[in-house]
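The structure appears right after this line, and notes come after that.
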Amino acid sequence: MKLWMRAAGALKDQRSILLVSLSPRSAYRNPDLEAAIIKATNHNDSSIDYRNAQRVFAWIRASPVSMKPLIRALCCRMEKTQSWVVALKGLMLMHGIFCCKTPAVRRIGRLPFDLSHFNDGHSKTSKTWGFNAFIRSYYTFLDQRSTLLYFQRKQTEDTMVQEIVKLQKLQTLLDMLLRISPQATNMRESLILEAMDCVILEIFDVYSRICNSITKVLLGIYSAGKLEARMALEVLQKAVIQGEDLARHFEFCREFGVFNAMEVPTITQIPEEDITDLERIINGVPDKTQVNYDYVDDSKAIMVRENSSAIVEDKTPNRLKTIITDKWEVFYEERSEIYDYRTGNPPNSSLLPFLPVYKRELPDLISF
């Protein structure tokens, strides 16, 4: 039965490629690009066509005018399919397009197709419910990610409230990522594992951005008002919960066999006393602890260390400082190199991952 379905899927792919080869080229049609999209999102559930996926990414990087025919072709492909394999490959391809980080990608906005109610039409629901749920969750995340890119495409200097709101949206995005998880017992498929590798990389990226943003907010929060301080406290409380969720998620992924989850740093939770100290400052209770501090300034970030209390406000006249203990980790931007995450080596020309992958030194503490 499975062999017959693969043969039928291959015939559908060949027919689709033949039809696009007969299409006229225009501003909205590129037969070569459409053929590459069909090959990258084929019905074969046992392998992925990395070469054609990379061809699609190369088109996007080379010319922004390729975006319109790409979106049109991928949209038609996703709206017509009833195969979880094609739908998942299409979402992975879309995920890779976002990682190309070209200006044209930021103008997409909401995804032009809807898989929020996707159901596989080739098998019984009792066999495909897990795949259906996986695709719906993956689509919801990518749709929200694309929307955030659209609204944040103009980089401006934000107020403290705007910075915290952006941080809250990142935390929402992380919640969506954690919902992309194989729940059924029959989902130990190579394609699912490949998709989870992409999701884990995205989790690393989003969570490190959250940590960086929290550090930035804390460094400026004491020159802001109580509204901002209360919002910052809510963010910290949410970060505690997400740290616990992350630890459980990584453990599940390791047991499931997700490659990129095999070596992740231990997530150290935010100490309760740190949150208590922030609450004390919000409530206007002075902290009488004597502090010895020094500055570390490398033009990338400033971290002020102290020996006892976690966060202290120095009220010396004409001077306001934020003291953050060395329990908190400041994330530094490092130069990264692209590599093939399956081998740990620079990628070869024939087998490339769907997502542009970056090799970097992970911090000892993935939280703060």
Side-chain angles (χ1 to χ4, degrees), residues 1-10 12-13 40-50 53 78 81-96 114-145 173-204 206-207 241-264 266-267 341-342 351 353-355 357:
M1 179 65 176
K2 194 168 184 178
L3 185 62
W4 180 87
M5 289 180 64
R6 284 184 180 176
K12 288 181 180 179
D13 293 334
T41 61
N42 60 50
H43 286 76
N44 190 343
D45 62 350
S46 63
S47 65
I48 296 177
D49 192 332
Y50 297 102
M78 293 296 97
T81 189
Q82 291 185 318
S83 166
W84 73 264
V85 174
V86 175
L88 184 52
K89 287 184 177 181
L91 291 175
M92 292 170 67
L93 189 67
M94 196 77 233
H95 197 170
D114 187 1
L115 295 180
S116 59
H117 301 287
F118 176 83
N119 281 298
D120 184 275
H122 301 295
S123 300
K124 295 180 179 179
T125 305
S126 58
K127 294 182 178 180
T128 60
W129 69 267
F131 299 97
N132 296 337
F134 190 91
I135 288 167
R136 292 172 188 173
S137 298
Y138 201 171
Y139 166 79
T140 299
F141 158 71
L142 289 176
D143 188 47
Q144 181 65 19
R145 190 187 196 278
L173 209 60
L174 182 58
D175 282 339
M176 292 180 176
L177 278 165
L178 295 178
R179 295 190 190 104
I180 308 172
S181 180
Q183 300 298 326
T185 56
N186 64 336
M187 294 183 67
R188 203 175 294 272
E189 301 270 354
S190 59
L191 184 56
I192 294 293
L193 289 170
E194 183 78 19
M196 284 303 298
D197 273 337
C198 298
V199 170
I200 291 294
L201 289 173
E202 188 74 33
I203 287 175
F204 286 154
V206 171
Y207 197 61
I241 297 172
Q242 288 191 321
E244 296 169 353
D245 292 342
L246 274 171
R248 287 192 295 267
H249 186 73
F250 287 144
E251 181 61 29
F252 169 82
C253 290
R254 282 192 291 269
E255 293 176 357
F256 193 80
V258 179
F259 181 84
N260 282 338
M262 294 304 176
E263 296 184 8
V264 296
T266 302
I267 299 173
Y341 62 82
R342 287 180 299 274
L351 292 178
F354 259 69
L355 299 186
V357 182

Is there a donor-acceptor pair under 3.5 Å between the side chain of Lys89 and the backbone N or O of Leu191? no
Tested for side chain to side chain contact (heavy atoms under 4.5 Å, CB included) against Phe131, the lone hit among Asp120, Val85, Asn186, Asp45 is Asn186
With sequence neighbours left out, the residues meeting side chain to side chain contact (heavy atoms under 4.5 Å, CB included) with Thr140 are Met176
Sequence neighbours excluded, the answer for salt bridge (Lys or Arg N to Asp or Glu O under 4.0 Å) partners of Arg145 is Glu202
Asp143 meets the salt bridge (Lys or Arg N to Asp or Glu O under 4.0 Å) criterion, sequence neighbours left out, with Arg110
Check [X] against [Y] and note the closest heavy-atom contact, atom names and distance.
X	Y	answer
Trp129	Ala184	CZ2-CB, 3.7 Å
Ala195	Leu88	CB-CD1, 4.1 Å
Leu177	Val206	CD1-CG2, 3.9 Å
Leu93	Ala40	CD1-CB, 4.3 Å
Ile135	Ala87	CD1-CB, 3.9 Å
Ile192	Pro182	CG2-CB, 4.1 Å

Could you grab the distance from atom [atom1] of [X] to atom [atom2] of [Y], nearest 0.5 Å is fine?
X	Y	atom1	atom2	result
Leu201	Asn260	CG	CG	4.5 Å
Arg248	Ser181	CZ	OG	12.0 Å
Trp84	Thr128	CH2	OG1	10.0 Å
Gln242	Tyr207	CD	OH	7.0 Å
Asn44	Ser83	CG	OG	10.5 Å
Gln183	Phe134	CD	CZ	10.0 Å

Any side-chain heavy-atom pair of [X] and [Y] under 4.5 Å:
X	Y	value
His95	Tyr138	yes
Val258	Leu193	yes
Phe250	Ile203	yes
Met78	Phe118	no
Ile200	Phe259	no

Discussion item. Looking only at the side chains, is there a donor atom on one of Asn119 and Asn132 sitting less than 3.5 Å from an acceptor on the other?
Written reply: yes
Do NZ/NE/NH1/NH2 and the carboxylate oxygens of Glu251 and Arg254 come within less than 4.0 Å? yes
### Message
Ring-plane angle category for Phe256 and Phe252, please: parallel below 30°, perpendicular beyond 60°, tilted otherwise.
### Response
parallel
### Query
Where do Ile48 and Met92 land on the side chain to side chain contact (heavy atoms under 4.5 Å, CB included) test, with the steps shown first?
CA-CA 10 Å; Ile48 296 177; Met92 292 170 67; 4.0 Å; yes
